[in-house]
Amino acid sequence: MWRLLELRGLRGGTAVATGLVAWRIDLGANPILGVILHWLGGLASGSFYVPFRKVRSWAWETYWLVGGFFSWILVPWILASVMTADLGGVLREAPGSSIAWTYFFGVLWGLGGLTFGLTMRFLGMSLGMAVALGYTAAFGTLMPPLFRGEFQSMVLGTRSGLTILAGVGICLLGIVFAGAAGMSKEKELSEEQKRAAIKEFSLKKGLLVATFSGVMSACFAYGLAAGDPIKALTLKHGTSTLWQGLPVLVVLLLGGFTTNCIWCVALNIRNRTGYQYYSGEIRGKAPGRGDETILENAIDAPGEEMAVAAGGSGDAALARAPMLSNYFFSALAGTTWYFQFFFYTMGETQMGRYKFSSWTLHMASIMIFSTLWGIALKEWKGAGMRTKLLVGMSLFVLIGSTVVVGYGNYLGAAGSVAQASSR
C-alpha cells in the first residue's frame, strides 16, 4: 500500500510525506512490543549510575563529562551511522528549523539540571524528586499533543486517548507513592540526621525550582517531537522504521552535551580537577557532592540518587587514581545511559498515533527499575513496615500505569487497522 500511494504521486511535499509516514507506522504498531522496549529503556536509565560507583579518586565533574562524551557524542554517532542509511545526507537535508529546535530543546534539558540540586536542597531528596518527576512526566507527555492541536481530538475525543490519559494519571499516583515512601523513611531519621539531609528546607522556594527543573527536564520529549521531520527523512532514505529516531538523538544529545560540557569544565577550573583527565596523581580531596552544584535532572536522578544513597567504597587507601579503570567504568555508565533513549526511540515507533504516551512509559519504567535497584542495593534496609508498604505500592501502581498506557495504545492501533480494512 505504501508503494501504491507513492506511485500515485503522493510523495511530494513534506506534510504529505510526514502524514504517510505516520499512517504507515500506525498500521505497523505493536504496543506490547513498545511497552517492553520502554521497560528496557527504563532498566538502562535506572542502572546507568551503578558503574560510576567503581570510579575512584575523580571529582564528579570529571567522571560525568567522560561518561557524557560516550552517552551524548560517541555512541549516538556510532549507532546512528551503523543502524541508519546515509546519516550525513539525512542531517544535511533536514529542515534547519527542525535541527535548531531539536538542538535548542537539548540545551534546555541540560539547563534543567542546574536547578535540580536546589530542589533537593529545599525539599529533600524524596519530596523534591517526586515533585520534579511529576512535572516532567506530565509536561513531557501532554505538551506535545497540546502544541500540535491534537489533544481534544486524539486524547479527549477517543476511548484509546482517554485510556492513555488515565495511565498518565496512574503514573503520577505511583510517583506520589514513591515520594511518600521516601518521606516516610526520612521521618524515621533522628533530628540530627534530618537537619543534615535537608539543611535549607523551604516549601515555597522548593516548589518554584522543582517546577522549573521538571519543566526543563521535559524538554527532552519536546526535542524528540521537534525531530519528526528528521525521522521522516530517515525513512525516506531507506532506514527501517524501528531505527528512525537515532539521527534525532544525535542532534538532541549534542544540545545536552553543550550544557553539561560547559558546566563540567567550569567546575574543573574552579576546583582545579582538570588534571584528572590525564594524570593518576591525587592532589588533595575532590569536592563532595554537597560542596558543588551537580548537573543532573529528573531523568538522571532516580538511578543516580539511589546509587549515591546506597554508598560505595572510599578512596583513602589509594596512592594513585586507577586511570584505565576509571575511563572504562565511566564509558560503561555513559553507554548504558544512552541505551535508555536507544530503546525509547524504538519503543516510540510501536505506539502508533499515540507515541506521545512513550514519555509516561519511560518515566514509569525509570522509577520501577530505580526502585528495584534500590531494593537490591539495600537502600531500604531497616526501613519500617509503612515505608516498605509504600515502596511496594509505588511499584505496583507504576507497573499498572505501563499496562494501562499500553492497552490504550493497543486500542488505538486496533481502531486504525479496523478503519483501514473498512476502506
Side-chain angles (χ1 to χ4, degrees), residues 44-79 110 113-114 116-117 120-121 125 196-197 253-254 256-297 299-340 370 373-374 376-379 381:
S45 179
S47 307
F48 89 94
Y49 204 82
V50 175
F52 276 142
R53 298 176 69 215
K54 296 292 186 180
V55 176
R56 301 289 179 256
S57 299
W58 271 5
W60 173 87
E61 59 268 19
T62 303
Y63 66 73
W64 187 256
L65 186 55
V66 171
F69 178 75
F70 282 85
S71 57
W72 303 317
I73 299 294
L74 189 61
V75 179
W77 273 99
I78 290 175
L79 287 180
L114 289 172
F116 192 84
M120 302 298 105
R121 182 184 302 175
M125 187 173 80
L253 293 175
L254 180 61
F257 177 79
T258 302
T259 309
N260 281 267
C261 182
I262 291 172
W263 185 250
C264 288
V265 170
L267 289 178
N268 282 142
I269 294 172
R270 188 187 75 178
N271 299 326
R272 300 180 180 179
T273 53
Y275 72 92
Q276 293 177 343
Y277 296 110
Y278 58 86
S279 173
E281 181 184 359
I282 298 176
R283 302 178 187 176
K285 185 173 177 60
R289 289 176 57 85
D291 301 326
E292 57 185 356
T293 302
I294 303 299
L295 190 62
E296 61 180 12
N297 55 54
I299 299 173
D300 305 324
E304 179 171 358
E305 298 296 339
M306 170 277 302
V308 171
S313 304
D315 298 334
L318 292 178
R320 293 180 61 84
M323 299 293 287
L324 183 60
S325 172
N326 282 358
Y327 271 103
F328 172 78
F329 284 111
S330 295
L332 179 61
T335 302
T336 304
W337 185 98
Y338 169 76
F339 270 100
Q340 68 171 305
S370 296
W373 266 114
L377 294 175
K378 297 181 171 42
E379 181 188 357
K381 183 179 181 180

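From a predicted model like this one, the values you see are computed outputs, not experimental measurements.
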Between atom [atom1] of [X] and atom [atom2] of [Y], what is the distance when rounded to the nearest 0.5 Å?
X    : Y    : atom1 : atom2 : result
N271 : Q276 : CG    : CD    : 9.0 Å
I73  : L253 : CD1   : CG    : 8.0 Å
W58  : I282 : CH2   : CD1   : 12.0 Å
L267 : T273 : CG    : OG1   : 7.5 Å
Y63  : Y49  : OH    : OH    : 3.0 Å
I262 : F257 : CD1   : CZ    : 9.5 Å

Taking distance alone, no hydrogens or angles, what donor-acceptor pairs closer than 3.5 Å link side-chain atoms of residues 318-334 to residues at least two apart or in another chain?
unit_1: N326; atom_1: OD1; unit_2: R56; atom_2: N; d: 2.9
unit_1: N326; atom_1: ND2; unit_2: R56; atom_2: O; d: 2.7
unit_1: Y327; atom_1: OH; unit_2: Y277; atom_2: O; d: 2.4
unit_1: S330; atom_1: OG; unit_2: N326; atom_2: O; d: 2.8

> For L74, which residues count as a side-chain contact (heavy atoms from CB on, under 4.5 Å) partner, sequence neighbours excluded?
Replying inline: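 With neighbours one apart ignored, the set is F69, F70, I78.
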>> Tell me every residue that passes side-chain contact (heavy atoms from CB on, under 4.5 Å) with L79, counting only those two or more places apart in sequence or in another chain.
In response: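 Result, side-chain contact (heavy atoms from CB on, under 4.5 Å) vs L79: V75, Y338, F339, F342.
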>> In terms of relative ring orientation, are F52 and F48 parallel, tilted or perpendicular, with 30° and 60° separating the classes?
In response: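 Because their plane-to-plane angle is over 60°, the rings of F52 and F48 count as perpendicular.
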> For the residue pair G110 and T259, what are the closest heavy atoms and their distance?
Replying inline: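 Looking at all heavy atoms of both residues, the shortest contact is C-CG2, 3.6 Å.
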>> Quick check: closest heavy atoms across P51 and S47, and the distance to 0.1 Å?
In response: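 Minimum heavy-atom contact is CD-O, 3.5 Å.
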